2 protein chains.
Amino acid sequence: MSRNTAQRKAIRRSLREAGRPLSAVEVLELAQRDVPGLGVATVYRTIKSLIEEGDLIAVPLPGSSDRYEHRDAALNHHHHFICNACGRAYDIPGCTMGFEGMAPPGFVVSGRDVVLYGVCDRCGEAGEDS
Amino acid sequence: MSRNTAQRKAIRRSLREAGRPLSAVEVLELAQRDVPGLGVATVYRTIKSLIEEGDLIAVPLPGSSDRYEHRDAALNHHHHFICNACGRAYDIPGCTMGFEGMAPPGFVVSGRDVVLYGVCDRCGEAGEDS
DNA sequence: CTAGTTGCAAAGCATTTGCCTGTGG
DNA sequence: CCACAGGCAAATGCTTTGCAACTAG
């Protein structure tokens with residue numbers, strides 16, 4: 001069913017090699033290196049089908065558009081980091097718990113999202129010349 | 001500079017009485033009880049000016065549009081809960097920490113968002129007739 | 001009186017869909 | 001060959017903005 005076209009290959013490769021969750025635009029830009037004529041619609045359509053196939057998961061973040069990463073990366077439960085300088089998202093390994101009991105009575109907790117904000121290593125380096 | 005119009009009063013009142021963070025549409029619907037002709041644009045504009053005045057804060061949530069709540073409500077640091085059934089957002093009192101050390105070396109953490117998902121008390125009751 | 005405020009409608013953005021051409025298998 | 005995939009452009013949904021009429025102070 002999936003026809004393994006050049007564009008699909010480029011999109012998969014971008015996500016695989018990024019090592020962090022990518023936004024649709026980031027995927028587009030990376031994949032366009034392989035397939036210059038690639039359009040946004042194709043990126044969105046391919047991402048959606050990859051999610052349906054179970055290869056990719058969507059990472060919703062507060063205040064910014066969804067990122068996407070390989071299911072494998074999400075298997076070991078982790079949280080995310082957003083750089084206030086460059087806006088990139090990163091994975092943070094490790095699972096924190098103890099939230100389930102925080103909810104008021106009558107509320108049933110079934111999941112959680114933890115997002116840290118700050119400055120990433122790359123942006124930290126760049127601004128160190130104080 | 002703020003002219004204390006009927007619509008502004010209605011919007012402030014909705015947010016004050018809700019007791020939880022409201023989306024723009026929720027504000028609109030509540031405020032329209034007082035001012036039937038109220039338009040969305042006014043809600044967004046008023047919310048923005050209330051934020052600039054420091055009365056309101058925006059609450060960005062993963063995967064859904066921003067909610068807004070009184071600054072006072074946000075003063076005692078807290079997290080948020082989103083009901084998977086009705087989509088409403090709630091405040092959860094209490095501050096969890098110990099995240100700052102989780103970031104990889106080179107990453108500086110300056111803030112965090114914790115969002116819990118599940119079923120709220122209202123929706124829990126409704127579905128209890130099993 | 002008159003600058004800030006409002007409602008409406010149009011403009012922006014990011015994402016989605018329709019449609020017709022292109023192509024992998 | 002031909003159904004799926006892709007590119008373009010139009011359509012969406014949410015938020016913002018332009019503008020002329022309106023009103024609080």
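Quick note on labels: first sequence line is chain A, next is B, and so on, each numbered from 1. Small disclaimer: the values here were computed from a predicted structure and weren't measured.
- Taking every heavy atom of residues 30-42 of chain B and every atom of DNA chain D, pairs under 4.0 Å involve Ala41(B), by number.
- Here the closest heavy-atom approach between residue Val115(B) and residue Pro62(B) is recorded as CG2-CD, 3.8 Å.
- Put simply, the side chain of Asp34(B) does not reach to within 4.5 Å of the side chain of Lys9(B), judged on heavy atoms.
- Nucleotide dC14(D) holds its P atom 17 Å from the CG atom of Leu22(B), rounded to whole Å.
- Atoms CZ (Arg45(B)) and P (dA9(C)) sit 14 Å apart, rounded to a whole Å.
- When rounded to the nearest whole Å, the span between CG of Asp66(A) and C1' of dT16(C) equals 14 Å.
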Item to check | His78(B)/Glu69(B) under side-chain contact (heavy atoms from CB on, under 4.5 Å): CA gap, chis, key distance, verdict | outcome: CA-CA 12 Å; His78(B) 62 260; Glu69(B) 66 183 346; 3.1 Å; yes
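- When all heavy atoms of Leu116(A) and Arg112(B) are compared, the pair lying nearest together is CD2-CB, 3.5 Å.
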Next on the checklist: Walk me through whether Ile82(B) and Tyr117(B) qualify under side-chain contact (heavy atoms from CB on, under 4.5 Å).
Outcome noted: CA-CA 5 Å; Ile82(B) 302 180; Tyr117(B) 298 91; 3.9 Å; yes
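- In this structure, the CG atom of Leu28(B) is 11 Å from the P atom of dC8(C), given to the nearest Å.
- At least one side-chain heavy atom of Glu53(B) sits less than 4.5 Å from a side-chain heavy atom of Ser2(B).
- Of the residues listed (Asp113(A), Val59(A), Val114(A)), the one engaging His80(A) in a side-chain contact (heavy atoms from CB on, under 4.5 Å) is Val59(A), and it is the only one.
- Within residues 4-17 of chain B, the residues that place at least one heavy atom under 4.0 Å from DNA chain C are, in residue-number order, Thr5(B), Gln7(B), Arg8(B).
- Between the side chain of Arg3(B) and the base of dG25(D) there is no donor-acceptor pair of N/O atoms closer than 3.5 Å.
- Summarising the geometry, atom CG belonging to Asp66(B) is positioned 9.5 Å from atom CD1 belonging to Ile47(B); distances are rounded to the nearest 0.5 Å.
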